[in-house]
Undergrad: 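Shown below is the structure under consideration.
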Amino acid sequence: MPEQSIEFRYDTQLLLDLPGVDEDDVEDIADEIHDHIVDAFCGDELLCVPGDEVVKLHYHTNEPWLVLEYCRTKGEIYDIVVEDMDRQTRGLQG
């Protein structure tokens, strides 16, 4: 059986804290982040989900550090998870 290739290796997840921002503005910021990431970075499976003063981001990319760097300009990032999906498909710790 041929080895499966993963185009975008890193599953990147984070929460972006936006204290004091009202719900409508959080939605606008989530949309802005989504649009910027689509335009500026290569990847797939992008989700930018607005919540109560927080945006949850999920993205598959080969350059997660660029996504983190960008998101840091929008607010405080936390609960950062970057998993190597290539390692996971080989049965290794991601």
Side-chain angles (χ1 to χ4, degrees):
M1 179 176 219
E3 226 177 271
Q4 186 177 18
S5 175
I6 295 177
E7 184 176 3
F8 300 108
R9 184 172 182 157
Y10 298 102
D11 178 6
T12 306
Q13 304 168 48
L14 61 87
L15 295 176
L16 179 63
D17 192 23
L18 303 166
V21 176
D22 71 41
E23 189 175 333
D24 290 335
D25 290 338
V26 172
E27 289 182 27
D28 291 343
I29 292 168
D31 289 342
E32 178 184 328
I33 291 168
H34 180 280
D35 293 347
H36 179 81
I37 288 174
V38 166
D39 291 342
F41 307 120
C42 291
D44 65 9
E45 304 295 327
L46 175 60
L47 296 173
C48 288
V49 181
D52 185 23
E53 298 183 347
V54 69
V55 173
K56 181 175 183 176
L57 182 131
H58 174 268
Y59 190 48
H60 296 169
T61 183
N62 290 327
E63 301 173 319
W65 52 88
L66 297 177
V67 175
L68 296 173
E69 184 177 55
Y70 168 70
C71 287
R72 180 60 186 100
T73 68
K74 297 297 181 184
E76 183 177 351
I77 57 175
Y78 66 102
D79 286 352
I80 300 164
V81 176
V82 177
E83 295 178 324
D84 186 332
M85 295 184 297
D86 180 63
R87 288 182 54 88
Q88 289 174 343
T89 61
R90 293 184 283 136
L92 302 172
Q93 182 73 26

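The basis for the numbers below is simple: all heavy atoms, side chains too, and nothing from hydrogens, waters or symmetry mates.
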Undergrad: Would you say that Tyr59 contacts Tyr10 through its side chain, given a criterion of any heavy-atom pair below 4.5 Å between the two side chains?
TA: no

Undergrad: Using the test side chain to side chain contact (heavy atoms under 4.5 Å, CB included), find all partners of Val54 that sit at least two apart in sequence or belong to another chain.
TA: Leu15, Tyr78

Undergrad: Is there a side-chain contact between Pro64 and Val67, using heavy atoms and a 4.5 Å cut-off?
TA: no

Undergrad: Between Tyr70 and Lys74, is any pair of side-chain heavy atoms under 4.5 Å apart?
TA: yes

Undergrad: Applying salt bridge (charged side-chain N to carboxylate O under 4.0 Å, His left out) as the test, list every pair that has at least one member in residues 38-60; sequence neighbours left out.
TA: none

Undergrad: Transitive ILVMFWY cluster of Val81 at side-chain heavy atoms under 4.5 Å: who else is in it?
TA: none

Undergrad: Supply the members, apart from Leu47, of the Ile/Leu/Val/Met/Phe/Trp/Tyr cluster built from side-chain contacts under 4.5 Å; use none for a lone residue.
TA: Val49

Undergrad: Go through the structure and list residues passing side chain to side chain donor-acceptor pair (under 3.5 Å) with Glu63, not counting sequence neighbours.
TA: none

Undergrad: Determine whether Leu14 and Cys71 make a side-chain contact, defined as any pair of heavy atoms from C-beta on separated by less than 4.5 Å.
TA: yes

Undergrad: According to the salt bridge (charged side-chain N to carboxylate O under 4.0 Å, His left out) rule, which pairs have a member within residues 9-30, sequence neighbours left out?
TA: Arg9-Asp84, Arg9-Asp86

Undergrad: Is there side-chain contact between Gln13 and Ile80, with at least one heavy-atom pair below 4.5 Å?
TA: no

Undergrad: Without swapping roles, check the side chain of Thr61 against the backbone of Cys42 for a donor-acceptor pair under 3.5 Å.
TA: yes

Undergrad: Between Ala30 and Cys48, which heavy-atom pair has the shortest distance, and what is it?
TA: O-CB, 3.7 Å

Undergrad: If you define the side chain from C-beta out and look only at heavy atoms, does anything of Leu57 sit under 4.5 Å from Leu16?
TA: no

Undergrad: Would you check if the side chain of Arg72 reaches a backbone N or O of Gly75 as a donor-acceptor pair within less than 3.5 Å?
TA: yes

Undergrad: Applying the 4.5 Å side-chain criterion to the ILVMFWY set and letting contacts propagate, would Phe8 and Leu68 be lumped into a single cluster?
TA: no

